[in-house]
Structure formats: structure tokens, C-alpha cells
Student: 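My questions all concern the structure below.
Nothing fancy with the numbering, it's 1 onward along the sequence.
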Amino acid sequence: MAFASNAVLAKSRAVYGRRLTKEDYMRLSSMKTVADVCEYLKKTPRYERSLSDANPRTMHRGRLEELLKRAVYDVFESFHIFDYSNCKSYFKFIVARLEIEQIISAVSAVLSKSSDFYIATLPTFITKNSRVDLPSIASAENIANAAEILKKTPYCTGKKLKEMLSEAALTGFLSIPDFESALYSEYYLRLLRSIESEFHGREKKEFKTAVLKTIDMENVVTFCRMARFSGQTSKENRASLIPFKYRLSADEIEELSKEKSVEKIALYLEKKGCHGTNTETIELLTESISFKNLEKTIRLSQSPAVVYFALTQSLSIELKNIKTLTEGVRYGLNGGDILKMLVL
């Protein structure tokens, strides 16, 4: 296989096999404190190693989330032991995704004047491995200064990003949604180019399909959010879409954004082959659709690259679930209400 040995395929499925189950989530949702959540997670196959030294009684939500993120990052790092020949660049895209998330958080910290808090909570494992000086970005006096730093990072080399940051350096204004969209557009462009050059035949087609399905769902959420909250024109909202698609065109996504009922949006997407289970919000619907696709891919695909990609995406969804769950427990929400906010 072009991507790696069968060991990558086997390891990916083994890691996925240790995921939290619906039964785990049901039990976790009934917990009364974050300490209880930590105690339970320590006993699961998924997190027992990463939380082995954690003291649940002194554990606060932020620290627990950091340890869980570290656990996921360690999973990504563990795949580096394999011989993946000329496909080493793909593994770099996993770290790149983490870095982009942190760049957005750092810029947001500048805008909200919460740099000290951001730097204090920045995971050590990210700063040790990042090619970006995240503390410097977050410590910038203003957006204009942050933009000057960002222009020198490896993630802001595309034409649109360069123009956006040059304007921000002059005006001191940067739209976070537009910046986020531009960053992810550039990310996916590089990822798809990597797939195009490093993979062949059926594997390449399957890998591109997996990525494009993810982009479809991200675009639906982006447009629906902006249509409801940004106050921008449809043309401006379209400019924020990632410029790649699988089955959903910009016209279709714009029409979906006009529909107020998530259930009706779910019915339309089902006709397009996108099956989701959670219709509480548009975010949960699209994530549940992605989750179903990922589960199927991990079970059936024979491509180590595609299965590994699906694994990384599913781990991200699991982290979001735990974060939502711990917040719900912390604020004393009913277990049934917490479960409605999870992707299962």
C-alpha cells in the first residue's frame, strides 16, 4: 500500500476500538462532579494510561481537558514509528491542524485582551512541537502587531491570507471568521495537493472523498452560522466557504441556511446520502453525519491513510464530547440533557 504497512491499519483500528462507548457516555452523563468524570475515565481502556497519575480529587476541568488533548496528541505521535516512506507529509497535517486551532485561539486572545489566560493554559506539548511562536502571537499589543507576526508563519503564505494580514497590519482589524475560513481553506488546499501527488488509483479517490465529505459538513455549519449571526450578504458568506466540495454546492448550502428546522435540513441531507442522528442543532447534525462516515470508513476501508485520517477526525469528535460532557456536569445539567448535546 502507498501510505504505510498493514501495521498502521491494524494500529488505527486498535486505537479506535478503545473509544468511549454509548454506555460510557450514559454513565458519565450521570456523574455529579468533574472529579467523578476523571475517576471514571481513568478506568477506561481509552484514557487509563494518560490519566494514570491524575488525582481526580484535585482535578479541575481545564487540566482534565489538557491531559485528554495530550493523550490524543500522543496517539498521533505514536504512528511515527512506522515506515511511511514518502507519505511523511501527511502526518504533519495532523500537527498542522492542531497548530491552526491554536493560532485562531491566540488571535482571539489578542482581540479579547485575554492573552495572559491563553498563554497560561497553552498545552506544553503544542509549544514544544509547534513551528509557530504562539505565545508571541497572543502577546501582541494589538491585531496589527499580531498580523505582522502571522505573516511570517508557514500557515499564512497563500495569497488571500497575505492580503488579509497586510490589511490587518494597516487597519488593526481582522475578522476572526474570515481569518479562520482562509486558514482552513489553505490547509485543505495543501492536504488535497498532498493526496494528489502522493497517492494513486483507488486509494487516492477514497482519500479525497473522505476529505471532501468533511469539507461539505464544515461548509454547511459555516454558512448557516454566518447567515444567522453575521449580518453579511450571501456573497460575503459564500466567500467564507472552503472552496472544495463533495456533493453540496454553494447554492445548495445557501438554500439550506434559509431553513429554520434542523429536522428538515437533516431530511434534505439524507437524500444526498448524508445520514445523521442528532438534530438538536446544525452543528450536532453535521458532526453526527461526519461521525457515521468515519465509523464506516474505519470498519471497511483497506487504505491505512484513509483509516488513519478517519481515526484522527473521530478522536477530535470524542474530545468535543468529553468537553461538552464535563461542562454539563460542572453546571449540574440533567444527564438526559447532556446526552442530547453529544455526538453518539
Side-chain angles (χ1 to χ4, degrees), residues 4 6-31 34 36-52 54 56 61 64-82 91 94-95 97-98 101 123 125 210-211 213-214 217 275-278 280 283-329 335 338-344:
N6 286 332
V8 173
L9 195 63
K11 182 177 174 67
S12 295
R13 288 183 172 138
V15 172
Y16 182 71
R18 295 193 290 272
R19 70 194 180 279
L20 295 182
T21 64
K22 289 183 180 179
E23 183 180 357
D24 287 324
Y25 285 122
M26 289 181 68
R27 291 182 177 179
L28 284 164
S29 68
S30 68
M31 301 297 173
V34 173
D36 294 337
V37 172
C38 180
E39 187 71 58
Y40 185 93
L41 291 175
K42 282 188 69 169
K43 299 174 183 177
T44 63
R46 179 73 189 87
Y47 295 106
E48 60 181 348
R49 182 177 178 181
S50 57
L51 295 177
S52 60
R61 182 172 57 90
L64 177 59
E65 289 177 8
E66 181 180 350
L67 288 174
L68 298 179
K69 287 179 182 178
R70 171 77 219 201
V72 171
Y73 183 84
D74 285 344
V75 168
F76 299 157
E77 281 290 290
S78 69
F79 279 83
H80 285 206
I81 64 173
F82 297 110
F91 284 96
I94 303 306
V95 177
R97 181 89 187 199
L98 295 174
E101 291 173 1
F125 65 89
V211 173
K213 283 182 177 180
T214 299
M217 293 303 102
H275 306 282
T277 55
N278 193 327
E280 289 294 313
E283 290 84 1
L284 286 168
L285 171 62
T286 53
E287 283 198 345
S288 67
I289 289 171
S290 292
F291 190 60
K292 291 298 179 186
N293 289 335
L294 297 170
E295 281 189 316
K296 183 177 180 180
T297 297
I298 292 172
R299 289 198 317 269
L300 302 179
S301 176
Q302 294 304 306
S303 164
V306 178
V307 171
Y308 179 69
F309 172 79
L311 172 67
T312 62
Q313 298 292 101
S314 67
L315 289 176
S316 294
I317 291 175
E318 183 171 276
L319 277 181
K320 286 182 181 179
N321 274 343
I322 296 174
K323 181 178 180 180
T324 299
L325 192 146
T326 54
E327 287 178 349
V329 168
I338 291 175
L339 288 173
K340 290 178 182 179
M341 298 187 290
L342 306 181
V343 177
L344 305 175

Student: Considering only heavy atoms from C-beta outward, does the side chain of Ile322 approach that of Leu28 to under 4.5 Å?
Tutor: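 Sidechains of Leu28 and Ile322: no contact.
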Student: Is any side-chain heavy atom of Asn321 less than 4.5 Å from a side-chain heavy atom of Val343?
Tutor: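 Answer yes - side chains close enough.
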Student: Side chain to side chain contact (heavy atoms under 4.5 Å, CB included) with Lys320: which residues, sequence neighbours excluded?
Tutor: Glu287
Student: For Ser301, check side chain to side chain donor-acceptor pair (under 3.5 Å) against everything at least two apart and list the hits.
Tutor: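 Result, side chain to side chain donor-acceptor pair (under 3.5 Å) vs Ser301: Glu206.
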Student: Does anything in residues 15-29 pair up under salt bridge (Lys or Arg N to Asp or Glu O under 4.0 Å), and if so which pairs, sequence neighbours excluded?
Tutor: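 Residue pairs with at least one partner in residues 15-29: Glu23-Arg27.
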Student: Is there a side-chain contact between Thr44 and Thr21 in this structure, where contact means two heavy atoms from C-beta onward sitting under 4.5 Å apart?
Tutor: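 A side-chain contact under 4.5 Å is absent here.
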Student: Can you measure from OG (Ser30) to OH (Tyr25) and round to the nearest 0.5 angstrom?
Tutor: 14.5 Å
Student: Between Glu318 and Phe291, is any pair of side-chain heavy atoms under 4.5 Å apart?
Tutor: no
Student: Run Leu51 and Leu68 through side-chain contact (heavy atoms from CB on, under 4.5 Å) and show every step you take.
Tutor: CA-CA 8 Å; Leu51 295 177; Leu68 298 179; 4.2 Å; yes
Student: side-chain contact (heavy atoms from CB on, under 4.5 Å), that's the test. Do Val329 and Ile338 meet it? Break it down for me.
Tutor: CA-CA 8 Å; Val329 168; Ile338 291 175; 4.2 Å; yes
Student: Quick check: do Arg46 and Val72 have side-chain heavy atoms less than 4.5 Å from each other?
Tutor: yes
Student: Just how far is it from atom CD1 of Ile289 to atom OG1 of Thr214, taken to the nearest 0.5 Å?
Tutor: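 Output value for this atom pair is 11.5 Å.
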Student: Could you tell me which non-hydrogen atom of Ala54 sits nearest to which non-hydrogen atom of Cys38, and how far apart they are?
Tutor: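 Result for this residue pair: CB-SG, 4.3 Å.
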Student: Just by modelled atom types, is the Thr277 backbone N or O under 3.5 Å from a matching donor or acceptor in the Ser288 side chain?
Tutor: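 Answer holds: yes.
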Student: Side chains of Ser316 and Leu319, heavy atoms from C-beta outward: is any pair under 4.5 Å?
Tutor: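 Result no, sub-4.5 Å side-chain heavy-atom pair not found.
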Student: Side chain to side chain contact (heavy atoms under 4.5 Å, CB included) with Ser290: which residues, sequence neighbours excluded?
Tutor: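 Met217.
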Student: Does Arg70 pair with Glu66 as a salt bridge, N-O distance under 4.0 Å?
Tutor: no
Student: If the condition is salt bridge (charged side-chain N to carboxylate O under 4.0 Å, His left out), which residues does Glu39 pass it with, not counting sequence neighbours?
Tutor: none
Student: List in chain and number order the residues that pass side chain to side chain donor-acceptor pair (under 3.5 Å) with Glu101, two or more places apart in sequence or in another chain; answer none if no residue qualifies.
Tutor: none
Student: Around Arg49, counting heavy atoms of other residues, nucleotides and ligands shown, do more than 12 lie under 6.0 Å from its CZ?
Tutor: no
Student: Between Asn278 (side chain only) and Leu342 (backbone N and O only), is there a donor and an acceptor less than 3.5 Å apart?
Tutor: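 Yes: the side chain of Asn278 pairs with the backbone of Leu342.
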Student: With sequence neighbours left out, write down each residue that passes side chain to side chain contact (heavy atoms under 4.5 Å, CB included) with Ser50, or none if nothing qualifies.
Tutor: Tyr47, Ala71
Student: Could you tell me if the side chain of Thr297 sits less than 4.5 Å from the side chain of Val306, heavy atoms only?
Tutor: yes
Student: Please walk me through it: do Met341 and Glu280 pass side-chain contact (heavy atoms from CB on, under 4.5 Å)?
Tutor: CA-CA 7 Å; Met341 298 187 290; Glu280 289 294 313; over 6 Å; no
Student: Check side chain to side chain contact (heavy atoms under 4.5 Å, CB included) between Glu48 and all other residues, then give those that pass, not counting sequence neighbours.
Tutor: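 Partners of Glu48 by the side chain to side chain contact (heavy atoms under 4.5 Å, CB included) criterion come out as none, since no residue qualifies.
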Student: Taking the side chain as everything from C-beta on, heavy atoms only, tell me whether Glu295 gets closer than 4.5 Å to Tyr16.
Tutor: yes
